[in-house]
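A short write-up of the structure that comes next.
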Amino acid sequence: MFFDRNEIDRRIRQSIRKSEKFIGQGEVASYIPELLNVEPDTFALSITSTSGDTYSYGDIDKEFSVQSISKILDLLLALHDNTIEEVYSKVGSEPTKFEFNSLVPITDKPANPFINAGAITTSSMIRGRDVDDKFQRILDFYKMISGTDKARLMEDIYKSEMETSDRNKAIAYYLKSKGIFDEDPSEVLDLYIRSCSIGTNVVDLSHFGAILANKGYGLYETKDLIPESIVSIIVSQMSSCGMYENSGKYLMNVGIPSKSGVSGAILGIVPGLCGIAVYSPRLDKTGNSVRGKELLKILSYELDLNIFIR
Ligand code: DON
C-alpha cells in the first residue's frame, strides 16, 4: 500500500464507519441451522500486506467457519495432487448465472471449481488414505499458509451441515453417476463439508490471503509456499467465479478478486499488495455478506486497491 501506517489506519477506520449504514441489512444463512447461532451484526476486518503488516478491527478473535472459502483450499490441494489438465478435465473454468448449489451448471462437468458441484469434484481429487487423512492435509495446509495453529474443525457446524445436506448429497451422487469421479460420493461429500467447517478468524484468513497476494511466497522469508502457476489460477478464478452469480457485477464495482462463504466471510486478494478478510454474517440473496461486500467496495476506493485502475 502506498500510504504510511497511520494514513492506512485512518482510511480503514473511515471506511468501516461508512459501511455502518449497511448494518442490519440482509439475513443470516439458515439452511445450515447451526449458522444461525451467531450474533447477526458481528463485525471483523483484517488486512495483511505482502510486507507483513496487519491491520485488524472489530471482533478479531471471533471464530467462524470458512464455508465456501474452503473451495480455494479444495482447488489448491487438487492442483497440488494432480496436473492442471487433469483438474480442468473434470471441472470447467467459466462463471455461471445459477446459484452456488444448483445442479443446472453441471453439463459435461461442473461449470467452475467455486460452485458446490465444482468443489465437490475438486475434493474428489485430493489424495489421502481416507477422509480423516485427506481432511488433515487440507487443515494442515491452511494452518501452514495462514501461519496459525488455531484453525480446527467446528464440530457443531460440521454436524449441522451433514444433517441438512440433501442438495449437496444429490450433487455428489449425480456427479458420480455422470462418471465425473469414481470415489464414494458420501466420502467425497464428507470431505467437502469438513473443509467448509474449518474454523478461523479474520486475522489468520487475511494472512492466508496475503500469501496469495504475494505470488505464493512467505511474507517473512522467500519460501515458495504455493507455486506461482497455481496462485494465478486461484486468483483469476476468484475474479470470475468467486462471488457466484454476482461475480461480474462485484468485480466491476469492487475490482478485487474475492471469495465469499455463507457464514458471512469474504476473502479479497489484491495481487502484490494485500489479503483482506471481512466477517459480517448477514447475506444478500446470492449468499454474499452485505456489509462485507460494501466494505470491500469502500476500501477499494479509499486505499486505491482496484486492480483495474493501477
Ligand atoms: O455447501 C454449502 O452449501 C456450504 N457449506 C457452503 C456454501 C457457501 O458458502 C456459499 N457461499 N457463499
Side-chain angles (χ1 to χ4, degrees), residues 26-38 64-75 91 95-106 110-124 135 138 142 153-175 185-186 188-200 205 237-238 240-247 249-251 254 257-268 277-294 296:
E27 301 296 332
V28 177
S30 57
Y31 76 102
I32 302 171
E34 188 58 28
L35 284 180
L36 274 175
N37 200 7
V38 289
F64 52 84
S65 55
V66 292
Q67 294 302 327
S68 280
I69 296 173
S70 66
K71 289 169 171 141
I72 295 177
L73 294 169
D74 300 332
L75 180 58
V91 69
T96 156
K97 64 179 165 52
F98 296 98
E99 55 195 3
F100 60 83
N101 59 2
S102 173
L103 276 90
V104 181
I106 313 175
N112 69 66
F114 288 165
I115 54 170
N116 290 11
I120 292 170
T121 301
T122 53
S123 298
S124 79
F135 177 66
I138 298 175
Y142 178 72
L153 178 73
M154 293 179 80
E155 291 278 352
D156 293 347
I157 299 277
Y158 165 66
K159 287 195 187 120
S160 181
E161 183 161 8
M162 282 299 270
E163 281 162 15
T164 52
S165 64
D166 291 344
R167 177 67 74 98
N168 282 333
K169 225 177 251 168
I171 292 173
Y173 279 85
Y174 182 55
L175 290 168
S186 66
V188 174
L189 187 67
D190 189 355
L191 181 63
Y192 163 80
I193 292 177
R194 286 194 213 188
S195 10
C196 291
S197 310
I198 291 176
T200 193
L205 189 58
Q237 294 273 259
M238 288 173 75
S240 55
C241 312
M243 304 295 278
Y244 304 108
E245 64 269 41
N246 199 223
S247 297
K249 193 168 177 203
Y250 175 89
L251 192 61
V254 178
S258 299
K259 180 80 208 77
S260 63
V262 280
S263 50
I266 301 179
L267 175 65
V278 58
Y279 172 65
S280 183
R282 289 184 192 270
L283 309 178
D284 65 15
K285 294 214 163 29
T286 61
N288 299 321
S289 166
V290 173
R291 188 174 177 193
K293 65 179 193 182
E294 295 298 340
L296 272 148

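Both counts, for ligands and for their atoms, begin at 1 and track the order of listing. Here, residue 1 is the first one in the sequence, and each next residue gets the next number. Bear in mind that the values here come from a model prediction, so they are computed numbers and not experimental data.
The distance from atom CD1 of Ile193 to atom NZ of Lys159, rounded to the nearest 0.5 Å, is 14.0 Å. For the atom pair CG of Leu267 and CG of Leu296, the computed distance is 9.0 Å after rounding to the nearest 0.5 Å. For the atom pair Ile198 CD1 and Ile157 CD1, the distance stands at 13.0 Å (nearest 0.5 Å).
Glu294 is linked by a side chain to side chain contact (heavy atoms under 4.5 Å, CB included) to Phe22, Lys297, counting only residues two or more places apart in sequence or in another chain. The side chain to side chain contact (heavy atoms under 4.5 Å, CB included) test applied to Thr286 returns Glu245, Asn246, Asp284, Asn288, not counting sequence neighbours.
When atom types are taken as modelled, the side chain of Asp166 and the backbone of Lys169 share no donor-acceptor pair closer than 3.5 angstrom.
Residue contacts with ligand 1 for Asn168 involve side-chain atoms from C-beta outward but no N, CA, C or O (heavy atoms, distance under 4.0 Å).
Counting the atoms of ligand 1 from 1 in the order shown, those under 4.0 Å from a heavy atom of Cys196 are 5 (N). Near Gly287, meaning under 4.0 Å from any of its heavy atoms, are these atoms of ligand 1: 11 (N), 12 (N). Taking every non-hydrogen atom of Glu161 and a distance limit under 4.0 Å, the qualifying atoms of ligand 1 come out as 1 (O), 2 (C), 3 (O), 4 (C), 5 (N). Of all atoms in ligand 1, numbered sequentially from 1 with element shown, those under 4.0 Å from a heavy atom of Tyr192 are 1 (O), 2 (C), 6 (C). For ligand 1, the atoms sitting less than 4.0 Å from at least one non-hydrogen atom of Phe100 are 3 (O), 7 (C), 10 (C), numbered in the order shown with element in parentheses. Contact atoms of ligand 1 toward Tyr31: 2 (C), 3 (O), 4 (C), 6 (C), 7 (C) (distance under 4.0 Å to a heavy atom of the residue).
Between Val262 and ligand 1, at least one pair of N/O atoms sits closer than 3.5 Å. Some N or O of Gln67 is nearer than 3.5 Å to an N or O of ligand 1, by distance alone. For ligand 1, the polar-atom distance check against Thr286 finds no nitrogen or oxygen pair separated by under 3.5 Å.
With 3.5 Å as the limit, one finds a donor-acceptor pair spanning the side chains of Lys259 and Tyr244.
Nearest protein heavy-atom neighbour of atom 8 (C) of ligand 1: Ser68 OG, 2.4 Å.
Ring geometry for Tyr279 against Phe64 counts as parallel: the plane angle stays under 30°, on a 0 to 90° scale with 60° as the upper cut.
In this structure, Asn101 falls outside the shell of residues with a heavy atom less than 4.0 angstrom from ligand 1.
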